A.B. asks: 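Have a look at this one before I ask anything.
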There are 2 protein chains.
Amino acid sequence: MNSIAMLNKDQIKQLFPDWEDGLYESIIEHAELRTAPAGATLLKMGQNIKSTMLVVEGTVKLYQENEEGAEYFMYHLNPGEACAVTMVCNYHLEQSQVLAKAVTDVSFLAIPIEFMDKWLNQYKSWHYFVIRTYRLRYEELLKTIHETAFKNMDERLEFYIKRQVKQFGNTLKLTHQEIANDLNTSREVVSRLLKKMENHQWIVLNRNSFEWIKKD
Amino acid sequence: MNSIAMLNKDQIKQLFPDWEDGLYESIIEHAELRTAPAGATLLKMGQNIKSTMLVVEGTVKLYQENEEGAEYFMYHLNPGEACAVTMVCNYHLEQSQVLAKAVTDVSFLAIPIEFMDKWLNQYKSWHYFVIRTYRLRYEELLKTIHETAFKNMDERLEFYIKRQVKQFGNTLKLTHQEIANDLNTSREVVSRLLKKMENHQWIVLNRNSFEWIKKD
DNA sequence: GATTGACTGTGATATTTATCACAAAGGACT
DNA sequence: AGTCCTTTGTGATAAATATCACAGTCAATC
């Protein structure tokens, strides 16, 4: 992860239009603009949280992870969005309960968490931003629970694909193994279900990718 | 649901010790103290949210619900805790994504949501309270996802029982059917798994209740 | 164009969970 | 004690998913 030149106020303002004046300046002063290549792990489970992450470019994927290293995809973060988990106030001891990975090349603002408390006190717009972030992520988790608790794998796969399509368009560059990892199932199960979808003409299968063509 | 006499400042302060002075008075002025009997539904999925709920007495259970009315238990709310879902600002149009039920007889403070925006502006301690509420609920959801995504039914049942034990003590007054509903599985499955736990001497089974005796 | 390695397809089988069927047990009430 | 209703126990079977095994396919590389 490299630290490169900072954004200027207008650039930040475009991403986070609802903030107040002093806050932009504080960001410029104290945040660090970092980059990471596609596939990089940005935050590990159990890792001490040292900074808050605001996505500037690219897409980040948030996972739950278990003891054996199995992953479970929860939701995406896009430019202008923030990682709720890292917005800790008070403690320097909080450990991450999630795994965050860069899907594409990403750049993000990293703010040392010692500013969290201060900014909450100082900037109303930051306060609102934190609440909005939690609310949005909370709602994403509810959707994830809904799928996981009530649906069979075929429907969960469809939901998963639709989420990806919304993010990346109809052609998805994903191997069956990658999908299986995200859904915590096995490659064979995904292959068979995708084949069924192809038979139903919901998708067109290719090597290393497929296209969603279902109209609904 | 009845509206009864309001709490006094000291009583509220005991439940919510971190608030500031004006906020207690605003609560007394605008909140309504309501009660509901054990088993009552406090909030339905899809229902328009008209007020924020702060638990005063008793325990509330939060569920996800699907189209067919199947339920999935997510977490408890205890006195001094609040329902994150109902802490909406801005909109009067938000619909509940969760189902809330009284486990015991409960009393709670209901605050019309038109005050949410105002209080966020006016009271820092309220702002912090909202953030803390979201954070706590978010973490509960993460735990729920972890269990649901990675564990088999035997482990999920154990996790479920331990949560209940933490709430209500070692003797749980639950039928197998009730547990099955909370875990979105079938009564037979629960019966068989409980019987196994009894054989392992983790529990003692009785009619309409059982006792957790595993020491770990 | 032969080799290599990652990806995909698919049968066979095991495991987990759901569903059906029905019996037995316990408590409440007459 | 007998009736009724809810709860619990458990076999049999079905359905969903996981695992194992292996073959075929494609693309990159030498």
Side-chain angles (χ1 to χ4, degrees), chain A residues 38-39 66-73 145-161 164 171-212, chain B residues 38-39 66-73 145-161 164 171-212:
Chain A
N66 76 356
E67 308 70 37
E68 284 99 39
E71 297 168 1
Y72 194 77
F73 171 68
I145 288 181
H146 196 271
E147 292 301 305
T148 317
F150 295 125
K151 306 274 180 81
N152 285 347
M153 200 51 83
D154 53 347
E155 293 180 284
R156 286 170 52 195
L157 178 57
E158 189 185 344
F159 180 77
Y160 174 85
I161 293 174
Q164 306 293 320
T171 300
L172 298 175
K173 289 187 196 348
L174 291 166
T175 66
H176 303 182
Q177 186 63 63
E178 288 170 330
I179 298 172
N181 290 344
D182 282 3
L183 292 171
N184 190 40
T185 180
S186 66
R187 199 265 314 160
E188 296 92 321
V189 170
V190 171
S191 286
R192 279 190 255 260
L193 290 175
L194 285 177
K195 185 53 78 181
K196 254 191 206 167
M197 289 187 180
E198 187 176 48
N199 292 338
H200 293 331
Q201 307 200 322
W202 293 7
I203 60 175
V204 177
L205 285 173
N206 300 299
R207 191 185 175 80
N208 291 313
S209 78
F210 60 95
E211 193 187 352
W212 182 253
Chain B
N66 77 355
E67 307 70 39
E68 284 100 37
E71 297 168 0
Y72 194 77
F73 172 68
I145 288 181
H146 196 269
E147 293 301 305
T148 318
F150 295 124
K151 306 274 180 82
N152 285 348
M153 200 51 82
D154 53 347
E155 292 180 284
R156 285 170 54 196
L157 178 59
E158 190 185 345
F159 180 77
Y160 174 85
I161 293 175
Q164 307 293 321
T171 299
L172 298 175
K173 291 190 196 343
L174 291 166
T175 66
H176 302 181
Q177 186 64 61
E178 288 170 329
I179 298 172
N181 290 344
D182 281 3
L183 292 172
N184 191 40
T185 180
S186 67
R187 199 265 314 160
E188 295 92 321
V189 170
V190 172
S191 285
R192 279 190 255 259
L193 291 175
L194 285 177
K195 185 52 80 181
K196 255 191 205 167
M197 288 186 179
E198 187 177 48
N199 292 338
H200 293 330
Q201 308 199 323
W202 294 6
I203 60 175
V204 177
L205 285 173
N206 300 301
R207 191 185 176 80
N208 291 313
S209 78
F210 61 94
E211 193 188 351
W212 182 253

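Computation of the quantities below employed the complete heavy-atom set of this structure, encompassing side-chain atoms and omitting hydrogens, waters and symmetry-equivalent molecules. Source: prediction; values computed, not measured. Below, read A as the first sequence line, B as the second, and so on, with proteins coming before strands; counting in each chain starts at 1.
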A.B. asks: Considering all heavy atoms of both residues, which atom of L183(B) and which atom of Y72(B) are nearest to each other, and what is their separation?
C.D. replies: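 L183(B) and Y72(B) have their closest heavy atoms at O-CE1, 3.7 Å.
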A.B. asks: Under a 4.5 Å cut-off applied to non-hydrogen side-chain atoms, are L194(A) and E198(A) in contact?
C.D. replies: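 No. Closest side-chain heavy atoms not under 4.5 Å.
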A.B. asks: Looking at E71(A) and N184(A), what are the two nearest heavy atoms and their distance?
C.D. replies: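 Result for this residue pair: O-CB, 3.7 Å.
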A.B. asks: Please list residues of residues 197-206 of chain B whose heavy atoms come under 4.0 Å from any atom in DNA chain C, ordered by number; otherwise none.
C.D. replies: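 Close to the strand, none.
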A.B. asks: With a 3.5 Å cut-off and heavy atoms only, can you find an N or O donor on one side and an acceptor on the other between the side chain of R156(A) and the base of dT17(D)?
C.D. replies: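 Side chain to base: no pair below 3.5 Å.
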A.B. asks: What are the two closest heavy atoms between H176(A) and S191(A), and how far apart are they?
C.D. replies: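 Scanning both residues, the minimum pair turns out to be ND1-OG, 2.8 Å.
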A.B. asks: If each of K151(A) and V189(B) is mapped to the nucleotide of DNA chain D with the nearest heavy atom, which maps nearer the 5' terminus, i.e. the 5' end?
C.D. replies: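 Going by which nucleotide is closer to the 5' end, it is V189(B).
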A.B. asks: Starting from C1' on dT16(C), measure out to CD on E155(B) and report it in whole angstrom.
C.D. replies: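 Roughly 13 Å, once rounded to whole Å.
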A.B. asks: Reading nucleotides 21-30 of chain C 5' to 3', which nucleotides get B (base under 4.0 Å from a protein heavy atom), which S (sugar-phosphate only), which -?
C.D. replies: B---BBS---
A.B. asks: Whole angstroms only, please: what is the CG-C1' distance between L193(B) and dG9(D)?
C.D. replies: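 Those two atoms, CG and C1', are 13 Å apart.
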A.B. asks: I need the CZ-C1' distance between F150(B) and dT17(D), as an integer number of Å.
C.D. replies: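 Going from F150(B) (CZ) to dT17(D) (C1'), I get 17 Å.
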A.B. asks: On the nucleotide dA18(D), are OP1 or OP2 found under 4.0 Å from the side-chain N or O atoms that T185(A) carries?
C.D. replies: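 Yes, because at least one side-chain N or O of T185(A) sits under 4.0 Å from OP1 or OP2 of dA18(D).
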A.B. asks: Which label fits F150(A) and H146(A): parallel for a plane angle under 30°, tilted from 30 to 60°, or perpendicular past 60°?
C.D. replies: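 Because their plane-to-plane angle is over 60°, the rings of F150(A) and H146(A) count as perpendicular.
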A.B. asks: Side chain of S186(A) only, please: which of dT19(D), dA12(D), dG9(D) is the nearest?
C.D. replies: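 Minimum distance to the S186(A) side chain belongs to dT19(D).
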A.B. asks: Using whole Å, report how far CD of Q177(B) lies from C1' of dT19(C).
C.D. replies: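 The answer, rounded to whole Å, is 13 Å.
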A.B. asks: Considering only dC20(D), dT8(D), dG9(C), which nucleotide approaches the side chain of H176(B) most closely?
C.D. replies: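 Nucleotide nearest to H176(B)'s side chain: dT8(D).
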A.B. asks: Please find the pair of heavy atoms, one from E178(A) and one from T175(A), that lie closest to each other, and give the distance.
C.D. replies: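 Taking E178(A) first and T175(A) second, the nearest heavy atoms are OE1-N, 2.9 Å.
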A.B. asks: Between M153(A) (CE) and dT17(C) (P), how many Å, whole number?
C.D. replies: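 Going from M153(A) (CE) to dT17(C) (P), I get 13 Å.
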A.B. asks: Return the value, rounded to whole Å, for the distance between atom NZ of K173(A) and atom C1' of dC7(C).
C.D. replies: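 It works out to 16 Å between those atoms.
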A.B. asks: Evaluate the side-chain proximity of I161(A) to M197(A): yes if any heavy-atom separation is below 4.5 Å, no if none is.
C.D. replies: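 A side-chain contact exists here, since the closest heavy-atom pair is under 4.5 Å.
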A.B. asks: For the side chain of K195(B), counting heavy atoms from C-beta on, which of dT10(D), dT19(D), dT8(C) is nearest?
C.D. replies: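 The nucleotide sitting nearest to the side chain is dT10(D).
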A.B. asks: Would you name the heavy atoms of F210(A) and I203(A) that are closest together and state the gap between them?
C.D. replies: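 Looking at all heavy atoms of both residues, the shortest contact is CD1-CG2, 4.1 Å.
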A.B. asks: Using modelled atom types only, decide if a donor and an acceptor are shared between the side chain of N66(B) and the backbone of E68(B) within a distance under 3.5 Å.
C.D. replies: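 Yes; at least one donor-acceptor contact below 3.5 Å.
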A.B. asks: On DNA chain D, nearest-nucleotide positions of T175(B) versus D154(A): which is more 5'?
C.D. replies: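 Taking each residue's closest nucleotide, the earlier one in sequence belongs to T175(B).
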A.B. asks: What's the CG-C1' distance between L157(A) and dT17(D), to the nearest Å?
C.D. replies: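 One finds 14 Å between C1' of dT17(D) and CG of L157(A), rounded.
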A.B. asks: For the pair made of CG in L194(B) and C1' in dT8(D), what is the distance, rounded to whole Å?
C.D. replies: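 My rounded result for the distance is 10 Å.
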A.B. asks: Tell me, with the steps shown, if M153(B) and R156(B) meet side chain to side chain contact (heavy atoms under 4.5 Å, CB included).
C.D. replies: CA-CA 5 Å; M153(B) 200 51 82; R156(B) 285 170 54 196; 3.4 Å; yes
